[in-house]
2 protein chains.
Amino acid sequence: MESKKHNNTATMKDVANAAGVSTATVSRTLMNPEKVSLQTRQKVEQAVLDVGYYPHNLARSYKRNESKTILAIVPDISDPFFSDVICGIEEVAAHEGYFVLIGDCKHQQKQENAFINLIITKQIDGMVLLGSNLPFDVSTEEQKNLPPIVMANEFAPELKLPTVHIDNLTAAFNATHYLLKQGHKRIACIAGPEEMPHSQYRLEGYKKAMLRTGEGLKESYIVRGDFSHESGAEALKTLLSLPEPPTAVFCHTDIMAFGAMWQAKKMVLKIPDDISFVGFDNLEQAKYTLPALTTINHPRREIGRHAMLLLLEQLHGNSVTAGSRLLDSDLIVRESTKAPKC
Amino acid sequence: MESKKHNNTATMKDVANAAGVSTATVSRTLMNPEKVSLQTRQKVEQAVLDVGYYPHNLARSYKRNESKTILAIVPDISDPFFSDVICGIEEVAAHEGYFVLIGDCKHQQKQENAFINLIITKQIDGMVLLGSNLPFDVSTEEQKNLPPIVMANEFAPELKLPTVHIDNLTAAFNATHYLLKQGHKRIACIAGPEEMPHSQYRLEGYKKAMLRTGEGLKESYIVRGDFSHESGAEALKTLLSLPEPPTAVFCHTDIMAFGAMWQAKKMVLKIPDDISFVGFDNLEQAKYTLPALTTINHPRREIGRHAMLLLLEQLHGNSVTAGSRLLDSDLIVRESTKAPKC
DNA sequence: TTGTATGCGTTATCAA
DNA sequence: TTGATAACGCATACAA
């Protein structure tokens with residue numbers, strides 16, 4: 001009585017009894033209806049309804065060695081950026097009858113085992129990685145045979161995984177180029193952490209654009225942030241204390257741009273008259289800053305969708321090559337940018 | 001060969017062979033180590049490592065009729081509000097060895113069946129509801145025996161579920177009362193949709209506070225929004241066109257407050273000199289508006305944690321009474337509020 | 001077209 | 001303390 005759960009679900013045997021056939025026939029009716037006579041099929045289908053039968057997915061998964069569940073490994077769910085990507089994943093997963101399990105990596109200690117366990121025991125059929133590395137030893141990767149994996153947004157070429165993301169370099173180039181076209185010469189860059197591939201490419205793009213001008217590159221115009229609001233504000237302070245402060249700032253994320261703009265306004269600078277800002281991500285809020293932020297659109301939802309599509313491709317048995325799938329990302333011009341005063 | 005998956009995982013039998021014992025002993029060593037002699041235990045543990053054995057959780061779940069997985073049903077993952085709650089859920093779930101499956105309700109058509117299937121087939125051990133209603137017929141609720149369910153944030157008394165949320169009425173009362181204390185008399189309220197319980201209670205709180213003053217309540221000061229930025233901005237326009245525009249506005253969500261403040265600034269009003277604003281939720285960004293928003297702190301993460309704790313309680317076999325668990329929510333005073341000019 | 005029998009990997013019951 | 005064995009619910013190879 002004790003460990004007995006509330007469990008009176010109808011099983012296949014019940015259906016078989018009700019329909020007066022064998023369980024094999026029931027199973028067949030459910031799996032390959034065409035292999036059973038119309039007559040019995042109807043009998044079985046009626047019986048299914050009568051007894052209120054639902055297939056026991058756990059048993060089914062176990063038997064068929066697939067769970068119809070995929071794992072999304074995400075660095076931080078509460079980051080709206082990631083939750084948008086997950087949203088896209090969820091969307092196509094649900095459409096194809098897959099469930100998505102969320103694995104948050106913030107508390108990394110014991111998670112590692114949990115994840116690998118999940119994989120080895122076939123509790124998941126595949127996974128999509130939102131962060132830039134696997135949550136377990138790559139060495140074990142070869143030992144155990146992993147299920148299909150795709151990366152969404154982040155990329156790590158050394159893992160040789162199918163990856164969907166945007167062309168960060170080009171996007172950053174375009175953003176910077178836009179400022180140059182407007183006549184800005186002193187353009188600064190509030191960059192992300194050095195170790196993040198995204199930051200590297202965005203910085204490359206910025207540099208490439210700057211080097212094409214006569215002005216060239218000024219190292220002091222490159223300040224690192226950590227993607228946070230605060231770091232954006234701090235970075236701007238640093239930039240404004242320069243002997244020749246910039247007239248425009250390209251920020252590697254909208255959040256840092258928000259921080260920087262906030263700081264600028266606190267220092268009673270007029271945006272965009274005194275200083276222009278370009279962000280990166282096109283977060284919801286970018287429309288609602290004052291002035292509205294010019295930024296790079298980052299198709300987060302689409303990234304999630306494509307990644308899941310790529311995963312499904314493999315789940316359906318088709319092979320998929322490693323490497324990048326690039327999604328478009330346009331510059332969205334709003335009111336935070338303007339030609340410099342002089 | 002065809003349906004053969006990449007599958008060379010070690011099973012319990014392999015361990016048994018390697019250790020020279022029976023599978024029963026292996027199982028016992030894993031489940032109840034104390035019931036096996038030290039000698040054999042060591043043998044088995046060594047064998048486990050040697051053959052690289054990991055328990056097949058699918059089989060285990062199937063046999064034990066529990067999946068160590070819970071389902072979080074959420075109206076919209078990409079809403080930062082919900083993702084914070086999920087974060088809390090995830091946190092304690094992971095700590096207790098549970099996985100969390102995400103069910104987004106946006107595409108409701110087929111989801112209903114998917115969810116109920118998940119439940120009936122015991123693929124999940126319990127669920128936490130972030131929205132205000134079950135994603136399937138409540139009538140079927142009684143037919144099928146549902147696993148434990150708890151509600152997080154939203155509440156629906158008719159479902160008779162354990163629920164964790166904040167005391168919206170008191171919080172709204174406090175917010176309004178704070179404005180009154182500052183000397184405001186013309187205090188408006190930008191409310192949420194009528195059908196949302198949250199909005200109802202928040203409106204009650206506002207009314208209660210207003211009725212305690214000599215001023216009383218003015219229906220024209222209550223404007224409905226839909227929680228969106230736009231609706232906040234629109235609402236403010238409406239309020240400012242009144243013959244006696246308010247000197248302070250209590251908004252049912254930060255987002256609407258952002259919209260309203262944005263609109264106010266566009267109309268060249270000074271905040272808080274010309275008009276004060278109080279929000280509700282304490283979103284990350286509330287710190288970074290100009291001026292920073294005075295708002296009610298909504299312990300989203302904590303709500304998730306408590307809800308999961310409550311669920312675990314039931315999962316562990318302890319019964320839990322239906323009804324509300326109230327979490328604290330304080331008013332956080334920042335710079336968007338000030339005594340009225342006259 | 002249908003039924004019988006077997007096995008998936010584990011846990012639990014019963015004897016030994 | 002340990003081992004044989006049945007059972008969980010389903011899918012399939014094989015026989016009828």
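Note on naming: letters A, B, ... go to the chains in the order of the sequence lines (proteins, then strands), and numbering restarts at 1 for each one.
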Output a table of donor-acceptor pairs, distance under 3.5 Å, between side-chain atoms of residues 17-28 of chain B and any protein atom two or more places apart or on a different chain; print 'none' if there are none.
| unit_1 | atom_1 | unit_2 | atom_2 | d |
| --- | --- | --- | --- | --- |
| S22(B) | OG | A24(B) | N | 3.4 |
| S22(B) | OG | T25(B) | N | 3.3 |
| S22(B) | OG | T25(B) | OG1 | 3.3 |

Scan the side chains in residues 30-41 of chain B for donor-acceptor partners under 3.5 Å anywhere in the protein, sequence neighbours excluded, and list what turns up.
| unit_1 | atom_1 | unit_2 | atom_2 | d |
| --- | --- | --- | --- | --- |
| S37(B) | OG | T40(B) | N | 3.3 |
| S37(B) | OG | T40(B) | OG1 | 2.7 |
| T40(B) | OG1 | S37(B) | O | 3.1 |

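Under the side-chain contact (heavy atoms from CB on, under 4.5 Å) criterion, L309(A) pairs with V92(A), L312(A), not counting sequence neighbours. Every residue two or more places apart in sequence or in another chain that forms a side-chain contact (heavy atoms from CB on, under 4.5 Å) with P197(A) is listed here: E154(A), F155(A). Checked against side-chain contact (heavy atoms from CB on, under 4.5 Å), L49(A) has the following partners two or more places apart in sequence or in another chain: Q46(A). Every residue meeting the side chain to side chain donor-acceptor pair (under 3.5 Å) condition with N318(B), not counting sequence neighbours, appears here in chain and number order: E313(B). Under the side chain to side chain donor-acceptor pair (under 3.5 Å) criterion, T69(B) pairs with no residue, sequence neighbours left out. Among residues two or more places apart in sequence or in another chain, the salt bridge (charged side-chain N to carboxylate O under 4.0 Å, His left out) test is passed with R301(A) by E91(A).
Heavy atoms of V26(A) sit nowhere under 4.0 angstrom from any nucleic acid atom.
Contacts between residues 37-47 of chain B and DNA chain D, defined by a heavy-atom separation below 4.0 Å, involve S37(B), T40(B), listed by number.
Distance CG (N17(A)) to P (dG9(D)): 13 Å, rounded to an integer number of Å. Nucleotide dC14(D) holds its P atom 13 Å from the NZ atom of K35(A), rounded to whole Å.
For residues 77-88 of chain B, the salt bridge (Lys or Arg N to Asp or Glu O under 4.0 Å) pairs, not counting sequence neighbours, are D84(B)-R300(B).
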Which atoms of nucleotides 10-12 of chain D (N or O only) lie under 3.5 Å from a protein N or O atom, and what are those distances?
| unit_1 | atom_1 | unit_2 | atom_2 | d |
| --- | --- | --- | --- | --- |
| dC10(D) | OP1 | Y53(A) | OH | 2.5 |
| dC10(D) | OP1 | H56(A) | N | 3.1 |
| dC10(D) | OP2 | M12(A) | N | 2.6 |
| dA11(D) | OP1 | R60(A) | NE | 2.8 |
| dA11(D) | OP2 | S27(A) | OG | 3.2 |

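End-to-end axis angle of the helix from dT1(C)-dA16(D) to dA16(C)-dT1(D), from C1' rotation axes over five pairs per end: 40° (rounded to 10 degrees).
Looking at heavy atoms from C-beta onward, V164(A) lies out of side-chain contact with M151(A) at the 4.5 angstrom threshold.
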